[in-house]
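Worksheet: the structure to be examined is printed underneath.
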Amino acid sequence: MSEAQNAFRKRGKKHFFGAQHHAKRWRGSRELEVGMQGILITCSMNQRKCAAEAFNLLSEYADKLYGPEKLTLTTCDLSAGGQFEEEAGECSEGENAKEEVDVEDALKKEVAQLRAGGGRQERRFQALDSGANNVIFIRTRNLESDKLVHHILSDLHATKKKKTRVILRMLPVTGTCKAFPEDMMRYMSTFLEPWFKKPNHATYQIAFKARNNSHNKRDDVIKAIAGLVGKLNPKNKVNLTQPDLTIILEVIKSVCCVSVVREYTRYRKYNLQEVVKDEEPKKEDAAKDGQGDDAAAEPPLAGGCEALKKEEEDAATEPALAGGSRAPEKEEDAAATEPALAGGSRAPEKEEDAAATQSAVGGGNAEELQLAEEQSAVDDQQDKAEGDGE
């Protein structure tokens, strides 16, 4: 193979990386920006499948709330004989014939509309690049994102039907601003008025999350927002368990997404995977679990009773064998019966029995054995004295 052919076969980096470079530039034009409204969706990998599930779910519930989507006609190509573009629909020739408009003016209007609308129709939902991994921003038009998301969560919570596999959380975004402390405070001072300014008041909590941003610290932002809410109305109180309203701040790069939602804790922080789960186990299952625990606990209890009986028997026999605590008790009983006998004929028998038991006790304490020997000596002297007296 000649050098000319080898040189021709060599391909530079532009050949391999040029297409990707242009693709990244095209995607960058559709990013999350200030002044948008929509829905922020998080997932665990597989963003394409997450976007597909989000479009299907949102379209299903949006059709129920707002009716089917109606595409607006944006352009009419008069030069093509009065026919709309394929995406725009159709336009009758009779209407165009009635309109006495110059072709040049119509073309200028069409070019202006294409530049303004980007040559595409404005759809109800549009996926944009959020600027963070596993996070998708879907821009909404002509609908209220907070009401739509709340309706979806309430329906899933009531029916317990799992309709998504990849989507984790679905957070509405009713406003966006620059993610700098001064801009955030300026924007929030007017954004929070409908919920917290006098005479309105409610219990609230603040949920803050920052992605790919190191300018804002969580504690500082929460303290600043709480102070702002307190200035709007002192009756606003913080409640972290069951608040009436939740202020959500999601910071992604240089954009802060803000929304105020209801029943944030009831719907498991707007997590679609957790909402469909049962909050509490059923009573029947709990009863079955309790019976199973009792049945499992019965054999150890029965065995425990037998073990206790054995321990009591062992405790009763051990003192007799090893000079335990029961030997002094017998001595005390014998000493208590001796005064009642008052030197009768049975006293020597009791003393002999006590001496026999004491001699049988071989493992008693040294002090107990010494006391027993002294007591036996005293008893012998008393017996001798009684015999001499007789």
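As the structure is a prediction and not an experimental result, all values here were calculated from the model. Here, residue 1 is the first one in the sequence, and each next residue gets the next number.
For the pair S130 and I136, the tightest heavy-atom approach, listed with the atom from each and the gap, is OG-N, 4.2 Å. Nearest heavy-atom pair, V255 versus L32, reported as atom, atom and distance to 0.1 Å: CG2-O, 3.9 Å. Smallest separation of non-hydrogen atoms from V251 and A179: CG1-CB, 3.6 Å. Heavy atoms only, all atoms of each residue included: T140 and L143 are closest at CB-CD1, 3.7 Å.
Qualifying salt bridge (charged side-chain N to carboxylate O under 4.0 Å, His left out) partners for E144, counting only residues two or more places apart in sequence or in other chains: K147. Partners of I222 under the side chain to side chain contact (heavy atoms under 4.5 Å, CB included) rule, at least two apart in sequence or in another chain, are I206, F208, R218. Residues satisfying the side chain to side chain donor-acceptor pair (under 3.5 Å) test with N46, not counting sequence neighbours, are none. Under the side chain to side chain donor-acceptor pair (under 3.5 Å) criterion, Q205 pairs with T246, sequence neighbours left out. Residues passing the ring-ring contact (aromatic ring centres under 6.0 Å, His included) test with H201: none are found, sequence neighbours excluded. Looking at residues two or more places apart in sequence or on another chain, you find a salt bridge (charged side-chain N to carboxylate O under 4.0 Å, His left out) between E263 and R266. Taking the side chain to side chain contact (heavy atoms under 4.5 Å, CB included) definition, one finds that T159 meets it with D155, K161, sequence neighbours left out.
Shown here is N212, whose CG atom has more than 12 heavy atoms of other residues, nucleotides or ligands within 6.0 Å. Enclosure of atom CD in E274 by more than 12 non-hydrogen atoms of other residues, nucleotides or ligands within 6.0 angstrom is indicated. Atom CZ of R141 sits in a crowded spot, with more than 12 heavy atoms from other residues, nucleotides or ligands closer than 6.0 Å.
Side-chain contact between L65 and H151 is present, with at least one heavy-atom pair separated by less than 4.5 Å. Counting heavy atoms from C-beta outward, L249 and C256 have side chains that approach closer than 4.5 Å. Residues E69 and R123 form a side-chain contact, since some pair of their non-hydrogen atoms from C-beta on lies under 4.5 Å apart.
Pairs engaging residues 232-258 under the salt bridge (charged side-chain N to carboxylate O under 4.0 Å, His left out) rule: R211-E250 [sequence neighbours left out]. The salt bridge (charged side-chain N to carboxylate O under 4.0 Å, His left out) analysis of residues 54-64, with sequence neighbours excluded, yields the pairs E60-K64, E60-K163, D63-R124. Residue pairs that meet the salt bridge (charged side-chain N to carboxylate O under 4.0 Å, His left out) test with at least one member in residues 178-189, sequence neighbours left out, are D183-R186.
Summarising the geometry, atom CD1 belonging to I39 is positioned 11.0 Å from atom CD belonging to Q37; distances are rounded to the nearest 0.5 Å. The structure places CE of M45 at 8.0 Å from CG of N133, a figure rounded to the nearest 0.5 Å. Atom SG of C43 sits about 12.0 Å away from atom CG of L272, to the nearest 0.5 Å. The line from SG of C257 to CG of L40 is 5.5 Å long, rounded to the nearest 0.5 Å. To the nearest 0.5 angstrom, I252 atom CD1 is 11.0 Å from T176 atom OG1. Distance check: Q47 CD to T42 OG1 gives 10.5 Å after rounding to the nearest 0.5 Å.
Between F180 and H215, the ring planes are tilted. Angles from 30° to 60° get that label.
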Exercise for the section: Would you please test C50 and I41 for side-chain contact (heavy atoms from CB on, under 4.5 Å) and show each step? Expected result: CA-CA 8 Å; C50 177; I41 298 174; 3.6 Å; yes
Exercise for the section: Could you go through the side-chain contact (heavy atoms from CB on, under 4.5 Å) check for S259 and I248 one step at a time? Expected result: CA-CA 5 Å; S259 62; I248 299 177; 3.6 Å; yes
Practice task
Could you please spell out the steps behind the side-chain contact (heavy atoms from CB on, under 4.5 Å) verdict for I225 and Y204?
Solution key: CA-CA 11 Å; I225 298 298; Y204 70 96; 6.0 Å; no
Problem - Stepwise side-chain contact (heavy atoms from CB on, under 4.5 Å) test for Q273 and K162 - result: CA-CA 7 Å; Q273 303 297 329; K162 188 175 181 180; 2.9 Å; yes
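N236 places no side-chain N or O within 3.5 Å of a backbone atom of G230 that could act as its donor or acceptor partner. A distance-only check finds no donor-acceptor pair linking the side chain of N56 to the backbone of E53 [under 3.5 Å].
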Validation: residues 190-200 side-chain donor-acceptor distances under 3.5 Å, sequence neighbours left out:
| residue | atom | partner | partner atom | Å |
| --- | --- | --- | --- | --- |
| T190 | OG1 | Y187 | O | 3.1 |
| N200 | ND2 | P194 | O | 3.1 |

For a quick test of your reading: what N or O donor-acceptor pairs under 3.5 Å do the side chains of residues 164-174 make, sequence neighbours left out?
| residue | atom | partner | partner atom | Å |
| --- | --- | --- | --- | --- |
| R169 | NE | K269 | O | 3.1 |
| R169 | NH2 | Y264 | OH | 2.6 |
| R169 | NH2 | K269 | O | 3.3 |
| T174 | OG1 | V258 | O | 3.3 |

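Transitive grouping of hydrophobic side chains (ILVMFWY, heavy atoms separated by less than 4.5 Å) brings M188 and V229 into a common cluster. Tracing side-chain contacts under 4.5 Å through hydrophobic residues (I, L, V, M, F, W, Y), one never reaches V34 starting from M184; they form parts of separate clusters.
Here H150 and Y270 keep their ring centres 6.0 angstrom or further from each other.
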